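Every value quoted in this text rests on a predicted model; they were computed, and no experiment measured them.
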Amino acid sequence: MSKRGVRDRILIVDDEVDMIEGLKRILSYELEETDVTTASRPLDALDLIRREPFDLILLDIQMPGMNGLDLLREMLKADQWLTIVMMTAYGSIETAVEAIKRGAYDFMTKPLDHDVLLRTIRKGLERNRLLRENMNLQQRVCEKSAFENLVGQSLPMRRLYETIQAVARTSYTALVRGQSGSGKELVARAIHALSSRRNRPLVSVNCPAIPEQLLESELFGHKKGAFTGADSEQRGLFDEANGSTLLLDEIGDIPVPIQTKLLRVLQEQEIKPLGVTRAHRIDARIIASTNQDLEAKIRSGTFREDLFYRLNVVTIWTPSLEQIRGDIPLLINHFAQMACCELGVSPKRFSSKALEICMSRPWPGNVRELQNFVRRIVMFCPDSLIRPDDLPAVERTTMVSAAIPEPNATDSEDVVPYVEAKERVVKRFTLQYVSDLLEKTNGNITRAAELSGLRRTALQKIMRRIDIKPEL
């Protein structure tokens, strides 16, 4: 019996019926916790391994209809991890080497030596166990890695995990829908990480971030000289994703002319780079995401209905934070650990009362808003335990304190215009916020941008506007 507590299964394949019956009696007697099945015809054996799992195959090389080496190839196509031991009465070094090269585990010559037979079978079964255990471990690691950034045990999240696993087993086009900040990109990455394409990197494009006049070239590529400024040939993102997955983020913002060309790609599985006369085939799995009402855009004529149905083979909805409110404590603890690692500070945790307050307040920005909130709390709270009093204190530091008017700002003798007063308040807030941010990150602009939820270029622009340097 295997270490899994399951009986090992052996299949003997030989056209000599007396031979396979004799082997079956020996193995059933010597290996008590083993089930032995026999097949005298190659096609019957092939049908068996396609329908049932086996731990080891004893396969004769010389058989009518299909020789053992050809059957070996077909069996390994069905299951590349099969442990197959070849047998022949016409043994030679050349035959043994050829069998091993084609994927056989070992080779024995007839008549079979009793001790050699049992030793080879036991070693083969142990090899099979190790292979299967390693495969199971790799699968568990892969699943853990795929879901490590998706946190939650609520019913909507459990259903989401199940859907992701089911969709990952296919190559169907998928449409991920949900509110802004609800984790649509994480879902797409999890699907890719669990799919058969995971050994190649996922290719992602944020559609609205690329100007319309450049989007076609980015997606499909171009030939040198295809248009003004095309000084060299460029591979498109579809070609980059060949054999992998292409994530079209916020697909609802793609202009209609590009939608038409994207539809053709989905229909034909071919692309034609700009400046090229002939199309070529690609094998890229498409995952699209959007937070928009595509049905409404179809009615208004800004999104093609036929493209919608091409994309909508499988739809996955990401739950809003309101729908998984019970997962907020898990999310907060997860984000707090992440923020502490990002900042290089000692672990911090939220008290139960602080968690209750966070669970009771609205989060219109969903998980992304919650994550940025936790980052600010961890950044500004000096203690290891975050209490209810720390929440409004940090919020005042980062959002509210700048709104407190300067002394005498509204004295009747010195009233300033509303717009001017507002500008002063915003400037004071921005200066204080950015100064605190850079102090916490030791002047690291990239880390500061991540913690603030801003793009690095946007933060640099703010710093230039208020004349603040990283060393502050």
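- Annotation: side chain of R387 is not in contact with side chain of K353 (no heavy-atom distance under 4.5 Å).
- Residue pairs meeting the side-chain hydrogen bond (donor to acceptor under 3.5 Å, both in side chains) criterion with at least one partner in residues 268-279, sequence neighbours excluded, are absent.
- Annotation: side chain of I316 is in contact with side chain of V167 (closest heavy-atom distance under 4.5 Å).
- Contact detail for G178 and K184: the closest heavy-atom pair is O-NZ, 3.4 Å.
- Listed by chain and number, the residues in a ring pair (Phe, Tyr, Trp, His ring centres under 6.0 Å) with F238 are F220 (sequence neighbours excluded).
- For the residue pair N291 and E250, the shortest heavy atom distance occurs at OD1-OE1, 3.3 Å.
- Taking CG of N242 as the start and CZ of R281 as the end, the distance is 10.5 Å to the nearest 0.5 Å.
- In this structure Q460 satisfies the side-chain hydrogen bond (donor to acceptor under 3.5 Å, both in side chains) test with no other residue, sequence neighbours excluded.
- A 4.5 Å side-chain heavy-atom check between T318 and V367 finds every atom pair outside the cut-off.
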- Would you check, one step at a time, whether the test salt bridge (charged side-chain N to carboxylate O under 4.0 Å, His left out) holds for E369 with R361? CA-CA 12 Å; E369 180 187 0; R361 61 163 285 182; 3.5 Å; yes
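- Residues passing the side-chain hydrogen bond (donor to acceptor under 3.5 Å, both in side chains) test with R177 are E295, sequence neighbours excluded.
- Legend: residues meeting side-chain hydrogen bond (donor to acceptor under 3.5 Å, both in side chains) with T290, ordered by chain and number and at least two apart, are absent.
- Remark: the backbone N or O of V378 is paired with a side-chain donor or acceptor of K348 at under 3.5 angstrom.
- In terms of modelled atom types and a separation under 3.5 Å, the side chain of R285 and the main chain of T170 share a donor-acceptor contact.
- Within 6.0 Å of CZ on R200 lie more than 12 heavy atoms contributed by other residues, nucleotides or ligands.
- Contact of the T163 side chain with the V187 side chain is not registered, since no non-hydrogen atoms from C-beta on lie closer than 4.5 Å.
- In terms of heavy-atom proximity, C207 sits nearest to I251 at SG-CA, 4.4 Å.
- Screening residues 174-203 for ring pair (Phe, Tyr, Trp, His ring centres under 6.0 Å), with sequence neighbours left out, gives no hits.
- For W363, the ring pair (Phe, Tyr, Trp, His ring centres under 6.0 Å) test picks out F373, with sequence neighbours left out.
- The only member of T83, D106, D55 that meets side chain to side chain donor-acceptor pair (under 3.5 Å) when paired with R127 is T83.
- Checking side-chain atoms of D79 against main-chain N and O of W81 turns up a donor-acceptor pair under 3.5 Å.
- Taking the ring pair (Phe, Tyr, Trp, His ring centres under 6.0 Å) definition, one finds that Y161 meets it with F147, sequence neighbours left out.
- Listed by chain and number, the residues in a salt bridge (charged side-chain N to carboxylate O under 4.0 Å, His left out) with R51 are D47 (sequence neighbours excluded).
- For the pair S360 (side chain) and I357 (backbone), a donor-acceptor distance under 3.5 Å is present.
- Pairs passing the salt bridge (Lys or Arg N to Asp or Glu O under 4.0 Å) check and including a residue from residues 312-334, sequence neighbours excluded, read E322-R325.
- Judged by distance alone, the side chain of R197 and the main-chain N or O of S244 form a donor-acceptor pair under 3.5 Å.
- In this structure, the side chain of R9 does not engage the main chain of T37 through any donor-acceptor pair within 3.5 Å.
- Here Q323 pairs with S320 under the side-chain hydrogen bond (donor to acceptor under 3.5 Å, both in side chains) rule; sequence neighbours left out.
- Taking each heavy atom of G252 and L294 in turn, the nearest pair found is CA-CD2, 3.9 Å.
- Not a single donor-acceptor pair under 3.5 Å links the side chain of N333 to the backbone N or O of R349.
- The shortest heavy-atom contact between P319 and M157 is CG-SD, 3.9 Å.
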- Yes or no on salt bridge (charged side-chain N to carboxylate O under 4.0 Å, His left out) for E126 and R129, after CA distance, side-chain angles and deciding distance? CA-CA 5 Å; E126 181 62 23; R129 279 193 288 270; 2.9 Å; yes
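- No donor-acceptor pair under 3.5 Å is formed between the side chain of E218 and the backbone N or O of L237.
- In this view, D293 satisfies the salt bridge (charged side-chain N to carboxylate O under 4.0 Å, His left out) rule with no residue, not counting sequence neighbours.
- Remark: the backbone N or O of S289 is not paired with any side-chain donor or acceptor of D249 at under 3.5 angstrom.
- In terms of heavy atoms, R198 sits closest to A193 at CD-O, 3.0 Å.
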